[in-house]
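Encoded as structure tokens, the structure appears first; notes follow it.
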Amino acid sequence: MFYRSSNREYQLGAVGRFQDGAVREIDLGRWFRRRAGLRTRRIDELRRDDWTMLSFADFLCRVHNENAGPRLQAVSILDRSWIRPAGRWLAMEQVPPREIHEKVWVQARLCQ
Amino acid sequence: MSGESEDFWHGPAPAARLGLYRLLFGLLIFAEVLTWLPDTRELFSNAAFHVPAGRWAPSPGAALALCLCLATSSLFLAIGLRTKTFLFCTLLFWHALVSIDTTNERAIHSVAQVIMAILLFSRCDQAYSLDAWLGPEREFPLPAPSCSFPLRLLQLEVAQIYFFSGVNKAATGGWLDGSTLAAILNSRWSTNAGLALQAALPDWAFPALGTSTLAFELLAPFLLFTRARPWAVAAALSFHLGIQLCLYVGSLGLHFILAVCVLFTDWSRPSLTKPELTVIK
């Protein structure tokens, strides 16, 4: 479980493009509540590989579009990470945006 | 097989030890399953995302029912009522649930399966169980000794985990110079105590603690079977209590504390052991 142990924190995120034209963050907390540790969600511990990330994007399309609301047309999966100072916890909300590194795993995957 | 080896594998062992281990192991499994209950939909159902994707998973209702069955069977395993039946059910339900998803997979998931499989073929129902209390022989709480083979298998299971964890650490590096330990204590898996410790420890402490960890994992598996066992048990307790205090590892540490305290330590009171027969002429 410690294979990614470092002082770099990370959090998985998803941005959707909706039928009404809006592009906004998808609240993953609707489907993922389980904590994997004191400061990490189960979903943040997903394997970072193309196949898993594409499957995750397809899953988000499916579960979102099963429910009411503007239909999701495309979804991007992002990994946000930031450096934490030694000896204390630092949540993403406490970090200046310019210090958050974003890696795009899936770029605008079209929903079926 | 030499006499000494025969005695090691098949000699008499206090049945109370396996009974006590089964009781506490069952309670740990029960406690773990209780933490799953609020999240069965996300953890085990076909409405959630799992890795690998596309694997069979039950409906949300069935996932909750399976989890409740596991909680019930593990509780019955702990109290020792229809012990073998509920041990088998616990193994079955546990395997069915933990194999659905490998996200954030825990070592204890597979370790527990091996332990349950060994217990299934042991006389762990002979002591500290309602089966023993209600049974015709009424050997409650301490029955006569039984064959040591299952106990040895459980001991070896624990010992090999230590040893191969040590081999893996030695192969991957970073433990002798302390860099890996420093990174782990400053990672997202660290507790507040772990973070504070990482910041407070002097630089020389990390190589010392890293080397101690490596030495413990490589030597303890052997020392646990020698006269140095009390020292190895004490070292194991310090090791696991330290990890539990500093890192978020779930119930793994508690399982190891239980194993070294019960499987490697004889808690039988001398007054309750079977007296030796003496022939008076």
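The shown structure was predicted, so the numbers you read here are calculated from the model rather than taken from an experiment.
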Fill in: Winner by heavy-atom pair count (cut-off under 4.5 Å) against chain B, out of A:Trp31, A:Phe32, A:Trp51
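Looking at each option in turn, the highest pair count goes to A:Phe32.
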Practice prompt. Give the member of B:Leu185, B:Thr172, B:Leu197, B:Val51 that has the highest number of heavy-atom pairs under 4.5 Å with chain A.
Written response: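 The residue among B:Leu185, B:Thr172, B:Leu197, B:Val51 with the greatest pair count is B:Val51.
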Worksheet item: When heavy-atom pairs shorter than 4.5 Å are enumerated against chain A, which of B:Ala182, B:Ala107, B:Ala200, B:Ser190 gives the highest number?
Response: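 The option with the most such pairs is B:Ser190.
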Working to the nearest 0.5 angstrom, can you tell me the gap between [X] [atom1] and [Y] [atom2]?
{"X": "B:Asp101", "Y": "A:Leu46", "atom1": "CG", "atom2": "CG", "answer": "8.5 Å"}
{"X": "B:His50", "Y": "A:Phe56", "atom1": "NE2", "atom2": "CZ", "answer": "12.5 Å"}
{"X": "A:Trp89", "Y": "B:Thr191", "atom1": "CH2", "atom2": "OG1", "answer": "13.0 Å"}
{"X": "B:Thr103", "Y": "A:Arg42", "atom1": "OG1", "atom2": "CZ", "answer": "4.5 Å"}

So with a 6.0 Å cut-off around [atom1] of [X], is the heavy-atom count from everything else above 12?
{"X": "A:Glu102", "atom1": "CD", "value": "yes"}
{"X": "B:Asp203", "atom1": "CG", "value": "no"}
{"X": "B:His109", "atom1": "NE2", "value": "yes"}
{"X": "A:Phe59", "atom1": "CZ", "value": "yes"}

Practice prompt. Say whether, by atom type as modelled, one donor and one acceptor occur between the side chain of A:Arg33 and the main chain of B:Pro38 under 3.5 angstrom.
Written response: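 The answer is yes, because a donor-acceptor pair under 3.5 Å joins these two groups.
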Practice prompt. Report yes or no: does A:Arg8 contribute a side-chain atom to a donor-acceptor pair with the main-chain N or O of B:Ser187 at less than 3.5 Å?
Written response: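 Checked: no pair found.
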Worksheet item: Should B:Asp39 and A:Arg35 count as an ion pair when the cut-off is N to O under 4.0 Å?
Response: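 Looking at B:Asp39 and A:Arg35, the cut-off is not met.
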Fill in: Test: A:Arg41 and B:Glu42 ion pair at under 4.0 Å
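No.
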Is the shortest side-chain heavy-atom distance between [X] and [Y] below 4.5 Å?
{"X": "B:Arg188", "Y": "A:Tyr10", "value": "yes"}
{"X": "B:Phe49", "Y": "A:Ser55", "value": "yes"}
{"X": "A:Arg39", "Y": "B:Asn192", "value": "yes"}
{"X": "A:Leu38", "Y": "B:Trp189", "value": "no"}

Discussion item. Assess, by modelled atom type and distance only, whether the side chains of B:Asn186 and A:Arg84 contain a donor and an acceptor separated by less than 3.5 Å.
Written reply: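 There is such a pair (donor and acceptor under 3.5 Å, judged by atom type) between the side chains of B:Asn186 and A:Arg84.
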Worksheet entry | Flag for A:Arg47-B:Thr102: side-chain donor and acceptor within less than 3.5 Å |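 Yes, a side-chain donor-acceptor pair sits under 3.5 Å.
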Worksheet entry | Pairing residues for B:Pro60 by the side-chain contact (heavy atoms from CB on, under 4.5 Å) criterion, not counting sequence neighbours |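 Partners of B:Pro60 by the side-chain contact (heavy atoms from CB on, under 4.5 Å) criterion, ordered by chain and then number, come out as B:Arg41, B:Ser45, B:Asn46, B:Ala47.
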Worksheet item: Run the side chain to side chain contact (heavy atoms under 4.5 Å, CB included) check on B:Leu43 and A:Arg34 step by step: do they pass?
Response: CA-CA 8 Å; B:Leu43 288 172; A:Arg34 179 76 182 178; 3.9 Å; yes
